[in-house]
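Take a look at the structure below.
Heavy atoms only: backbone and side chains are in, while hydrogens, waters and symmetry mates are out. Every number for a ligand or one of its atoms is a count from 1 in the order of the listing.
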Amino acid sequence: MKVLIVGSGGREHALAWRLQQSSDLTGLWVASGNAGTAGIATNIDVSPDDLDGISAAARSLRIDLVVVGPEIPLAAGLVDRLDSLGIPAFGPTQAAAQIESSKSFALEIMEEAGVPCPQFRTFRDQQLALDFLGSHQGPVVVKADGLAAGKGVLICDDRAAAVSAVQDCMSQRLYGDAGDTIVIQEFLTGPELSVFAFTDGEHLSPLVAACDYKRLGEGDHGPNTGGMGGFSPPEFWTDDLAMEVADRIMQPVIQAMSRRGMPYRGVLYAGLMLTAEGPKVLEFNCRFGDPEAQIVLPRLASDPLELMAGCVEGRLSAVPVLWDAQDYVGIVMVSGGYPGNYSVGFEIAGLDAGLDARFNKEERGTIVFHAGTRVAPDSDQPTVVSSGGRVLTVVGRGGSLAEARATAYHRVEEISFQGAYYRTDIAAVEGRSAVWVPGPATPAG
Ligand code: AMP
Ligand code: GLY
């Protein structure tokens with residue numbers, strides 16, 4: 001099978017790395033990729049958001065399966081477009097991708113399916129939202145309804161903060177159209193967890209879970225980022241919890257989507273908070289997480305192509321899906337200044353020599369996935385330079401979380417570029433909600 005991956009981050013390098021190990025693969029392209037994918041696939045210079053360009057490339061390369069990484073092309077209808085051209089694509093349709101592209105849609109589905117989530121109200125009128133805040137006590141979370149590159153979620157400790165968050169969305173329009181509709185949610189507390197399932201619209205794979213670190217600074221301080229690292233599996237991810245999440249969250253959502261005539265195919269990602277009343281859904285995403293994909297895909301012990309084709313063709317129940325039980329820790333190395341202004345173009349030292357497959361081979365239990373990197377064209381020796389905010393995800397594997405963590409950090413210390421920054425407390429025991437005691441299960445429905 002000839003496969004085209006859409007996207008250019010660490011998630012897409014991990015997808016390429018894992019797909020490349022499939023015996024059914026005969027050709028692999030990435031649009032637009034990075035220096036890491038260049039070592040194992042052919043990068044094509046088409047933006048992931050260019051639906052016409054991707055469709056044309058898939059057609060001319062006679063691609064058998066397109067695998068879509070990021071949410072923007074999914075929400076824009078890339079899978080529908082490819083479908084209409086007879087090109088199979090892994091990922092949800094535009095209608096099904098609303099589970100991520102519209103928070104109010106996701107909450108409607110959750111209500112309909114009886115899925116535990118924070119109490120919420122949806123508003124399209126600013127005055128009604130402000131009136132509601134006038135009668136509400138305590139902290140709330142104000143969310144822009146649409147895609148806002150992870151920025152449209154505002155945690156408000158008091159009423160004044162909530163009022164200005166509503167105004168930022170609705171009258172200041174800081175998030176553009178995405179904030180014309182808002183959701184005001186109850187503020188929850190507890191450890192957070194990302195849960196993923198492959199689905200063909202009816203059946204679910206066994207779930208896999210990871211924890212990620214969103215804040216820039218040690219101890220979860222500082223600005224929000226795209227993700228500074230993560231680990232999998234979390235120690236509190238028990239068989240019982242997995243069963244509860246499958247039965248009360250994932251399966252009911254898949255069924256509700258199917259009943260609506262918008263079957264959900266691809267990877268379903270639930271962002272959960274483990275509250276005293278049990279797991280509740282903060283958000284759904286229509287794709288793999290980044291950096292979670294980099295720590296979860298190495299755990300996939302089944303053939304990835306067979307699995308993705310099974311999802312697309314509605315026969316996932318016939319495909320065995322196994323997850324490796326070892327521990328994986330991923331550390332994200334970013335450009336100095338990220339997520340604010342940063343400079344790029346710095347040579348990255350300490351990667352495996354040469355632009356060959358060794359970039360991508362698992363050595364000493366580590367894998368280095370590239371994100372914002374590119375091959376500098378103008379030097380005699382091919383060198384890799386930084387080209388984005390998140391530059392690399394360095395993944396370590398071990399028989400315990402501590403071993404995986406030590407392995408990952410050892411590899412991180414061998415790599416350097418000007419201004420490189422990473423958190424030193426990823427998967428550290430301190431500051432992590434290592435103990436989560438589930439409360440009494442509340443009846444579903
Ligand atoms: P979201 O994009 O909806 O996952 O929100 C981003 C982050 O905001 C989450 O990972 C949580 O840390 C936080 N968050 C979102 N919703 C809530 C909520 N209802 N209560 C507490 N924290 C929340
Ligand atoms: N790791 C969070 C996300 O991919 O949205």
Side-chain angles (χ1 to χ4, degrees), residues 7 9-12 14-15 68-72 74-75 97 99-107 110 115-122 136 138-157 161-162 165 169 175 178-179 182-196 208-216 220-232 234 267-277 279-297 330 332 334 339 369 371 389-390 393 426 433:
R11 166 181 52 210
E12 287 75 27
L15 282 165
V68 188
E71 65 277 16
I72 291 182
L74 290 167
I99 198 107
E100 174 165 3
S101 65
S102 167
K103 293 193 189 279
S104 54
F105 173 88
L107 287 161
M110 285 191 258
V115 168
C117 61
Q119 289 179 29
F120 71 97
R121 293 277 304 269
T122 301
H136 186 89
V140 293
V141 184
V142 175
K143 299 185 177 184
D145 185 65
L147 293 179
K151 295 193 181 76
V153 175
L154 307 151
I155 311 262
C156 309
D157 293 334
C169 291
Y175 311 100
I182 61 162
V183 168
I184 301 182
Q185 274 184 353
E186 167 194 15
F187 175 78
L188 300 178
T189 52
E192 284 186 49
L193 187 65
S194 304
V195 177
F196 303 90
V208 65
C211 289
D212 78 334
Y213 291 76
K214 293 192 170 69
R215 301 296 192 109
L216 181 72
D220 286 331
H221 295 294
N224 254 320
T225 69
M228 295 298 294
F231 60 92
S232 178
V267 170
L268 181 62
Y269 163 172
L272 305 182
M273 193 168 263
L274 302 179
T275 72
E277 294 163 359
K280 295 190 179 182
V281 178
L282 296 183
E283 64 164 354
F284 278 109
N285 293 316
C286 63
R287 53 177 171 84
F288 259 120
D290 186 338
E292 290 96 325
Q294 293 91 301
I295 44 182
V296 158
L297 285 168
V332 176
V334 303
F369 290 120
R390 289 194 290 173
T393 307
I426 303 299
S433 314

Checking side chain to side chain contact (heavy atoms under 4.5 Å, CB included) for the pair E192/K214: CA distance, chi angles, key distance, verdict? CA-CA 11 Å; E192 284 186 49; K214 293 192 170 69; 3.9 Å; yes

side-chain hydrogen bond (donor to acceptor under 3.5 Å, both in side chains) involving S101 - partner list, sequence neighbours excluded: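 Per chain and number, S101 pairs via side-chain hydrogen bond (donor to acceptor under 3.5 Å, both in side chains) with no residue.
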
Check each protein residue for a heavy atom under 4.0 Å from ligand 1 and list those that pass, ordered by chain and number.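 If the criterion is a heavy atom under 4.0 Å, then ligand 1 touches K103, P118, V141, K143, V153, I155, Q185, E186, F187, L188, E192, K214, M273, L282, E283.
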
What is the distance from atom CD1 of I99 to atom CG of L74, rounded to the nearest 0.5 Å? 13.0 Å

Look up atom CD1 in I182 and atom CZ in R121, then write down how far apart they are to the nearest 0.5 Å.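 Interatomic distance, I182 CD1 to R121 CZ, rounded to 0.5 Å: 11.0 Å.
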
Pair V334-T225, side chain to side chain contact (heavy atoms under 4.5 Å, CB included): steps then yes or no: CA-CA 10 Å; V334 303; T225 69; over 6 Å; no

Which protein N or O atoms sit under 3.5 Å from any N or O of ligand 2? Give atom names and distances.
from: ligand 2; atom 1: 1 (N); to: D212; atom 2: OD2; distance (Å): 2.9
from: ligand 2; atom 1: 1 (N); to: D290; atom 2: O; distance (Å): 3.1
from: ligand 2; atom 1: 1 (N); to: E292; atom 2: OE1; distance (Å): 2.7
from: ligand 2; atom 1: 1 (N); to: E292; atom 2: OE2; distance (Å): 3.2
from: ligand 2; atom 1: 4 (O); to: R287; atom 2: NH1; distance (Å): 3.0
from: ligand 2; atom 1: 4 (O); to: D290; atom 2: N; distance (Å): 3.0
from: ligand 2; atom 1: 5 (O); to: R287; atom 2: NH1; distance (Å): 3.4
from: ligand 2; atom 1: 5 (O); to: R287; atom 2: NH2; distance (Å): 2.9

Report the C-alpha distance between K143 and L154 in whole Å, list the side-chain angles of each, state the deciding distance to 0.1 Å, and finish with yes or no for side chain to side chain contact (heavy atoms under 4.5 Å, CB included). CA-CA 6 Å; K143 299 185 177 184; L154 307 151; over 6 Å; no

For the backbone of G226 and the side chain of R390, can you confirm whether one donor and one acceptor N or O come within less than 3.5 Å of each other? yes

Under 3.5 Å, side chain of R215 to main-chain N/O of G222, donor-acceptor pair present?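 Looks like yes, one N/O pair under 3.5 Å.
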
N/O donor-acceptor pairs under 3.5 Å from side chains in residues 285-296, not counting sequence neighbours:
from: N285; atom 1: ND2; to: E283; atom 2: OE2; distance (Å): 3.2
from: R287; atom 1: NE; to: E71; atom 2: OE1; distance (Å): 3.0
from: R287; atom 1: NE; to: E100; atom 2: OE1; distance (Å): 3.1
from: R287; atom 1: NE; to: E100; atom 2: OE2; distance (Å): 3.3
from: R287; atom 1: NH2; to: E100; atom 2: OE2; distance (Å): 3.2
from: D290; atom 1: OD1; to: Q294; atom 2: NE2; distance (Å): 2.8
from: D290; atom 1: OD2; to: R11; atom 2: N; distance (Å): 3.3
from: E292; atom 1: OE1; to: D290; atom 2: N; distance (Å): 3.3
from: E292; atom 1: OE2; to: S194; atom 2: OG; distance (Å): 2.7
from: E292; atom 1: OE2; to: Y269; atom 2: OH; distance (Å): 3.2
from: Q294; atom 1: NE2; to: T393; atom 2: OG1; distance (Å): 3.1

